[in-house]
Amino acid sequence: MDAFAGLAMGFANALTPINLGWALLGCFLGTAIGVLPGIGPALTIALLLPVTFKVEATGAFILFCGVFYGAMYGGSTTSILLNTPGESGSIITALEGAKMARNGRAGPALVTAAVGSFVAGTVGTLGISFIGPVVVELALKLGPAEYFSLMLLCFVTVSAVLGGSALRGLTSLAFGLMLGLVGIDLQTGQPRLTFGVPELLDGVNVVLVAVALFAVGETMHLAWRHLEGNQEVREVGRLWMTASDWRRSLGPWLRGSLLGFPFGVLPAGGTEMPTMLSYYAERKMVRPEHRHEFGTTGAIEGVAGPEAANNAAAAGILVPMLTLGLPTSATAAIMLSAFQSYGIPPGPMLFTQQPVLVWTLIASLYIANVMLVVLNLPLVGLWARILKIPTPQLYAGILVFATIGTYGISNSVTDLVLLYGIGIVAMFMRRFDFPTAPVVIGMILGPMAEQALRQALTISQGDWTTFLTRPISTAILALALLALVGPRLWGAFRRREAA
């Protein structure tokens, strides 16, 4: 099925009342969550995972993607009005957006962020529509050896490259791999790491771990470091942009979109790097008469470019998740666990085995982009008032929903013990700067990597050199080694040069 036929089928399904309702609910929740500092899309989707046991797959994924896109939009509101980024991709937006708000230009900053998000989200979704099927065609030519090497590359980039410390990242990954091994080995039938607990024979529920890490652990950490005090929320003012503002924003919107999307697709992608690069590019390319606004009164280019890069990168993250089954962010890892809850294997066969699900989801992303512009601009006053919710009540509500949702999955007290046990571990991980995303990625991809490893060795009759004699596998392993060792060698070279 080509992209145009797929989109036609997708829009026919996405425009039904029930799917439009899921998209609207996801966009509304995502925007609200993006506005609240410290509460990101990963935490929200983790809390919503129990709906996978009651809601059909298409509706659930439309809801999750609406939350994901909405959080990217909402993060700019708190960055501009409160100078506190709602999520990591909006950190750069705060540099110029907060200064514009301080000088009475919060309205134009919010408008350029919203329109830039729409432009970038549309560009990113076009990328998913037309690049995704190409990636699928390439992925279908890969064998078990190549898939194992790809997963190894994903482990290295997410754990050892993106975090502040390779050792901490790899430790988190090892914890996730250990959780993934709990249960009965499907090949030998022997129990592993169950410690005589019958409830663990089926393994640790991925939904439980995601909720523990991103809802319980994150909330307990936020409560631990919470400081009382009122923060000043800037007035929104008039929502309008002058003709000059539109001219100055158009270029940054397009450049940010084209810069952000490839970073999202890459295994070592994410939203932080493209937003930073977009900001520095706009500082270099701004017209001389506006250069003084950067860092002083606030330059609109410094909001438009990074916000577009943020949203385009977020869309790009969905490409490897849908086409290869590889999550490159915490949010993508949690959505991947939702696929497992439905028994749907993400990867190259997803486009052929579940075409209605995939194309309806992609079509709903176009619809969500339009909904988010409508929600963000007229209702910006509502989002500003959400910032005044008392933080202790917010944290308590998250813990209540996490507990009820987890217990509702299996009615098991053992699951509640695991929920808060892993949640406490996650709290200390956040406290000592251990990344939590590698835990979920290790837990989900660990069993898949083990299966690919066994298949590759079975095909090669136990010959381990099969990973080095196949050209694509060798190239991927070389990239993984370069990603692991390269930054350290470069750092050592720079230190030696400086000395």
Side-chain angles (χ1 to χ4, degrees), residues 135-136 138-163 166 169-183 185-187 192 203-204 206 209-210 264-270 316-340 344-350 435-460 464-485:
V135 176
V136 167
L138 296 174
L140 288 172
K141 299 176 182 177
L142 304 180
E146 287 81 8
Y147 267 106
F148 175 76
S149 301
L150 257 180
M151 292 177 192
L152 200 62
L153 175 63
C154 188
F155 289 152
V156 169
T157 53
V158 173
S159 304
V161 176
L162 297 184
L170 292 172
T171 303
S172 298
L173 176 67
F175 180 45
L177 292 172
M178 183 191 73
L179 291 174
L181 293 175
V182 174
D185 181 0
L186 295 178
Q187 186 159 327
R192 302 187 295 192
V204 180
V206 178
V209 174
V265 174
L266 293 173
I317 286 169
L318 297 177
V319 173
M321 186 193 76
L322 293 174
T323 59
L324 300 172
L326 295 178
T328 57
S329 72
T331 309
I334 295 172
M335 283 199 274
L336 197 66
S337 71
F339 277 105
Q340 293 188 339
I344 300 172
M349 299 306 294
L350 186 66
T436 49
V439 179
V440 181
I441 291 172
M443 185 181 179
I444 294 171
L445 293 189
M448 296 167 63
E450 180 187 21
Q451 185 181 10
L453 175 65
R454 284 175 164 174
Q455 288 174 346
L457 292 176
T458 300
I459 292 170
S460 67
W464 286 83
T465 60
T466 185
F467 298 104
L468 299 176
T469 54
R470 299 173 69 92
I472 297 177
S473 175
T474 305
I476 296 170
L477 289 175
L479 283 174
L481 182 64
L482 182 65
L484 183 63
V485 178

Nearest 0.5 Å, please: how far is [atom2] in [Y] from [atom1] in [X]?
X	Y	atom1	atom2	result
Arg192	Asp185	CZ	CG	4.0 Å
Leu468	Ser149	CG	OG	8.5 Å
Ile344	Leu350	CD1	CG	7.0 Å
Leu477	Leu150	CG	CG	9.5 Å

[Y] side chain reached by [X] side chain, heavy atoms, under 4.5 Å:
X	Y	value
Met335	Thr331	yes
Phe175	Thr171	no
Leu445	Leu336	yes
Thr466	Ile459	no

For a quick test of reading the model, state the closest non-hydrogen atom pair linking [X] to [Y] and the distance between them.
X	Y	value
Ala333	Ile444	O-CD1, 3.0 Å
Phe155	Gly446	CZ-N, 4.0 Å
Tyr147	Ala452	CB-CB, 4.4 Å
Arg454	Thr458	O-OG1, 2.7 Å
Ala480	Val156	O-CG1, 3.6 Å
Ala145	Ser473	O-OG, 3.7 Å

key: Listed partners of Glu146 passing salt bridge (Lys or Arg N to Asp or Glu O under 4.0 Å), at least two apart   = Arg470
task = Please report the C-alpha distance between Ser337 and Ile334 in whole Å, then the side-chain angles of each, then the deciding distance to 0.1 Å, and finally whether the side-chain contact (heavy atoms from CB on, under 4.5 Å) criterion is met.
result = CA-CA 5 Å; Ser337 71; Ile334 295 172; 4.2 Å; yes
request  = Please report the C-alpha distance between Glu450 and Leu177 in whole Å, then the side-chain angles of each, then the deciding distance to 0.1 Å, and finally whether the side-chain contact (heavy atoms from CB on, under 4.5 Å) criterion is met.
outcome  = CA-CA 10 Å; Glu450 180 187 21; Leu177 292 172; over 6 Å; no
key: Donor-acceptor contact below 3.5 Å, side chain Ser172 vs main chain Pro438   = no
ask   = Would Phe339 and Met321 satisfy side-chain contact (heavy atoms from CB on, under 4.5 Å), going step by step from the backbone distance to the final call?
value = CA-CA 10 Å; Phe339 277 105; Met321 186 193 76; 3.9 Å; yes
